[in-house]
2 protein chains.
Amino acid sequence: MVTLAEVAQHAGVSASTVSYVLSGKRSISTTTRQRVEQSIRELGYHPNAGARALASSRSNIIALMIPLRTDMYVPVMMEIAIAVATTARLHGYDVLLLTGEEGPDAVRRVTGSGLADAMILMDVELEDERLPLLRQTDQPSVLIGLPATTSGLTCVDLDFGATGALCVEHLAKLGHRDIAVIGEAPAVYERHTGFAERTLDGLRSRARELGLRVLHRPCEGGYDAMTVTLARIFDERPGTTGFVVQNESAVEPLLALLRQQGRAVPEDVSVVAICPDQVAVQASVRLTSVAIPAQEMGRYAVEHLVAKLDGRGGDDVVLIAPELTVRASTGPAPAGS
Amino acid sequence: MVTLAEVAQHAGVSASTVSYVLSGKRSISTTTRQRVEQSIRELGYHPNAGARALASSRSNIIALMIPLRTDMYVPVMMEIAIAVATTARLHGYDVLLLTGEEGPDAVRRVTGSGLADAMILMDVELEDERLPLLRQTDQPSVLIGLPATTSGLTCVDLDFGATGALCVEHLAKLGHRDIAVIGEAPAVYERHTGFAERTLDGLRSRARELGLRVLHRPCEGGYDAMTVTLARIFDERPGTTGFVVQNESAVEPLLALLRQQGRAVPEDVSVVAICPDQVAVQASVRLTSVAIPAQEMGRYAVEHLVAKLDGRGGDDVVLIAPELTVRASTGPAPAGS
DNA sequence: ATTCGCTGTCGAAGCGCTTCGACAGACTAT
DNA sequence: ATAGTCTGTCGAAGCGCTTCGACAGCGAAT
């Protein structure tokens, strides 16, 4: 293992000079710099991460806490994780992967040990146990998601309220009057993750303004659950022609069942989904959808943290404006309805 | 930030004693141990990761290199990542998330800087550029996947050869004679990731022994590609009654198209998939499938590394035996065929 | 010619921990 | 009673780096 001292000796300078070449924190003459850089290359030197962290009290690592559950939003989480890792590298940071399993203890461990300089938390609940710890520590953090109170915190999320409103507006514009919302599994509402409620609130209040009727049904994914849910919906509101789906594992079952019942999409029934673009494009009908901006959230989170670690920027709640992409699953409401 | 020295002072012992309490590397009297542990709790002490890494040349971190691509096997990769993170924590390790983007440089960086004690590599190609580096370094590593030559390496993977054979055996036992294999996208074969070829080889040679006919067609996911592929298959082999699908994004399109063409599953046509259980269960027909043992691979990789870091165990190639779960998509071949 | 302020370099201290050798004291075996 | 063996604890060295203050050398300003 090559050390700073060896590089220094090889280049005929002192260790501190090499360090300054590396960090750029003091000016170094061009000739010296080149000589040092040459030595670094020749010897294949890599600074020791531990020593660096100890001396500078900076680990150049960002911790990313992902939910343990793999039953929901897997592609979204993956996309966020990859965006975080990629963006972090761009700024010279590495990413430590934590699972939600450890809960608040993980936060304590990371802040206490100096393992990471900052944290990104996903799957934030309204009254998340980790929040008090984040507020106490002076280590920067970003939440992906929105808790009940955000004072002293930095958050980024899709504006789910606006998303709900946007979906219903689109359907209204096409002449649909009776809207059904296929929501997340009941467990999601019980866990108080917030985004599902926010979507619903935004959707309902816009629907009220536009004079639409809304029926909301939580739904586990899969064919069996969807069969029951759909039957109930058409029972209660036979005139339903617009669907908003927020559960990606309900999308394909819904389409299959509608087909099976002889209801054509989009001629008889329109469907808007809130899901990653990939799901929308790969479905059996290309879905009009509002995408979940996973990449953008991941990138924003890292960039905010980097800025904060550099002494720039403050707390901040960013709600990303939803964008609705029209594809093949929505069309004018049928004349007879 | 609380340091070892402060704990030592608080407990009225020397710093080294506290260190030995923490590591258990020397015997400590019960009374002293308890006093120290008490102080640790009272002060909320967490050892500084950097200092520890520097002094012990052990970071207690395992690096996990995941592919950057999010177009394939996302749930599998996520499951592996989570299994790795969870298992690692169980053994006192944390996980550093690297993307494949950096390629061999990432390997150099990690081994050179002592950022991690060991690495797990996913998405291994037959002639992977990272392999020479792994062979050089004395840092333990595990590949998830199988390169062309495995000498001096540790690998774990599903036994895709046996998987192919198992699928074809199952169909043969049910009386199917004409089998079509829906493979991965052509790009996968060109990238030489190996598993697709191995599946095919195993499948073909078992089919030959059993006297079955096999037609193999690579296939991009999605409905349009599947439509073309399926048409060609029934064109060339109208008597095809058994399908083996290795591309999870082709599964649902295939089922939909078969339904649409009036071919009932499993009465007219049987389908075996090679995919995560979750996909198999959530499909519109519950699929007979061979699962990809993501958790098991992740866990094995970590446990092997931990053993190696503790000075136990050596190089080793582990191929996990496939298990076929019979669900609702396979049945006896139709009488007339 | 003297002073001043740069620029570029060096030496040394110290970050918080692990680990090695030393050793006091309590036992056991002779 | 003596030597030998443990057990439990301590002090000190050092891991490889960053960073602070010091300072030599130089050109610009007086």
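Here is the naming used below: chain letters follow the sequence lines, and residue numbers restart at 1 for every chain. Quick caveat, the model's predicted, so the values are computed rather than measured.
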Problem - salt_bridge(Glu102(A), Arg109(A)) N-O dist < 4.0 Å - result: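 Salt bridge present between Glu102(A) and Arg109(A).
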Does either side chain, that of [X] or that of [Y], offer a donor lying less than 3.5 Å from an acceptor on the other one?
X	Y	result
Gln38(B)	Arg35(B)	no
Ser19(B)	Ser16(B)	no
Ser113(A)	His46(B)	no

Practice task
Determine the contact category for Thr3(B): base if any of its heavy atoms lies under 4.0 Å from a base atom, sugar-phosphate if only primed atoms, P, OP1 or OP2 are that close, otherwise nothing.
Solution key: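 Answer is sugar-phosphate: Thr3(B) comes under 4.0 Å of backbone atoms only.
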Practice task
Looking at every strand, decide which applies to Ser19(B) at a 4.0 Å heavy-atom threshold: base, sugar-phosphate, or nothing.
Solution key: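 Contact class for Ser19(B): base.
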Nucleotide [N], atom [atom2] - distance to [atom1] of [X] in whole Å:
X	N	atom1	atom2	value
Asn48(A)	dC17(C)	CG	P	16 Å
Asn60(A)	dG16(D)	CG	P	19 Å
Leu22(A)	dT19(D)	CG	C1'	14 Å
Leu4(A)	dC10(C)	CG	P	13 Å
Leu43(A)	dG16(D)	CG	C1'	15 Å
Leu54(A)	dT18(C)	CG	P	12 Å
Arg58(A)	dG16(C)	CZ	P	16 Å
Leu115(A)	dC17(C)	CG	C1'	14 Å

Practice task
Apply side chain to side chain donor-acceptor pair (under 3.5 Å) to the pair Thr154(B) and Asp316(B), showing each step before the final yes or no.
Solution key: CA-CA 5 Å; Thr154(B) 297; Asp316(B) 202 355; over 6 Å; no
OP1 or OP2 of [N] less than 4.0 angstrom from a side-chain nitrogen or oxygen of [X], does that happen here?
X	N	value
Tyr45(B)	dC17(C)	yes
Lys25(B)	dT19(C)	yes
Arg52(A)	dT18(D)	yes
Ser57(A)	dC15(C)	no
Ser56(A)	dT18(D)	no

Practice task
Please list residues of residues 27-40 of chain B whose heavy atoms come under 4.0 Å from any atom in DNA chain C, ordered by number; otherwise none.
Solution key: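 Residues of residues 27-40 of chain B that come under 4.0 Å of DNA chain C do not exist, since none gets that close.
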Exercise for the section: Applying ring pair (Phe, Tyr, Trp, His ring centres under 6.0 Å), name anything that partners Tyr300(A), two or more places apart in sequence or on another chain. Expected result: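 Expected list: His304(A).
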Practice task
Quick one: list whatever passes ring pair (Phe, Tyr, Trp, His ring centres under 6.0 Å) with Tyr20(A), sequence neighbours left out.
Solution key: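 Residues passing ring pair (Phe, Tyr, Trp, His ring centres under 6.0 Å) with Tyr20(A): none at all.
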Problem - For Pro147(B) against Cys155(B), the heavy-atom pair lying closest together - result: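 Closest heavy-atom pair between Pro147(B) and Cys155(B): CD-SG, 3.9 Å.
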Handout entry: Partner residues of Asp159(A) under the salt bridge (Lys or Arg N to Asp or Glu O under 4.0 Å) criterion, sequence neighbours left out
Key =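 None.
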Handout entry: Bending between helix ends of the helix from dA1(C)-dT30(D) to dT30(C)-dA1(D) [5 pairs per end, 10° resolution]
Key =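 Between the axes fitted at each end of the helix from dA1(C)-dT30(D) to dT30(C)-dA1(D) lies an angle of 40°.
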Exercise for the section: Please tell me which of Val13(B) and Thr17(A) maps to the more 5' nucleotide of DNA chain D, matching each residue to the nucleotide holding its nearest heavy atom. Expected result: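 Looking at the nearest nucleotide for each, Val13(B) comes out on the 5' side.
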Exercise for the section: Check whether any side-chain N or O of Glu125(B) sits under 3.5 Å from a backbone N or O of Gly194(B) as a donor-acceptor pair, and report yes or no. Expected result: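 It does not hold such a pair.
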Practice task
Answer whether the closest heavy-atom distance between the side chains of Gln139(A) and Val110(A) falls below 4.5 Å.
Solution key: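 Yes, close enough: below the 4.5 Å cut-off.
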Practice task
Taking the side chain as every heavy atom from C-beta outward, state whether Asp117(B) and Ile61(B) have any pair of such atoms under 4.5 Å apart.
Solution key: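 Result no, sub-4.5 Å side-chain heavy-atom pair not found.
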Exercise for the section: Would you kindly check whether a donor in the side chain of Tyr20(A) faces an acceptor in the base of dC20(D), or vice versa, at under 3.5 angstrom? Expected result: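 Donor-acceptor pair under 3.5 Å: yes.
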Could you run down the sub-3.5 Å N/O contacts of the protein with nucleotides 22-28 of chain D?
unit_1  : atom_1 : unit_2   : atom_2 : d
dA22(D) : N6     : Arg26(A) : NH1    : 3.4

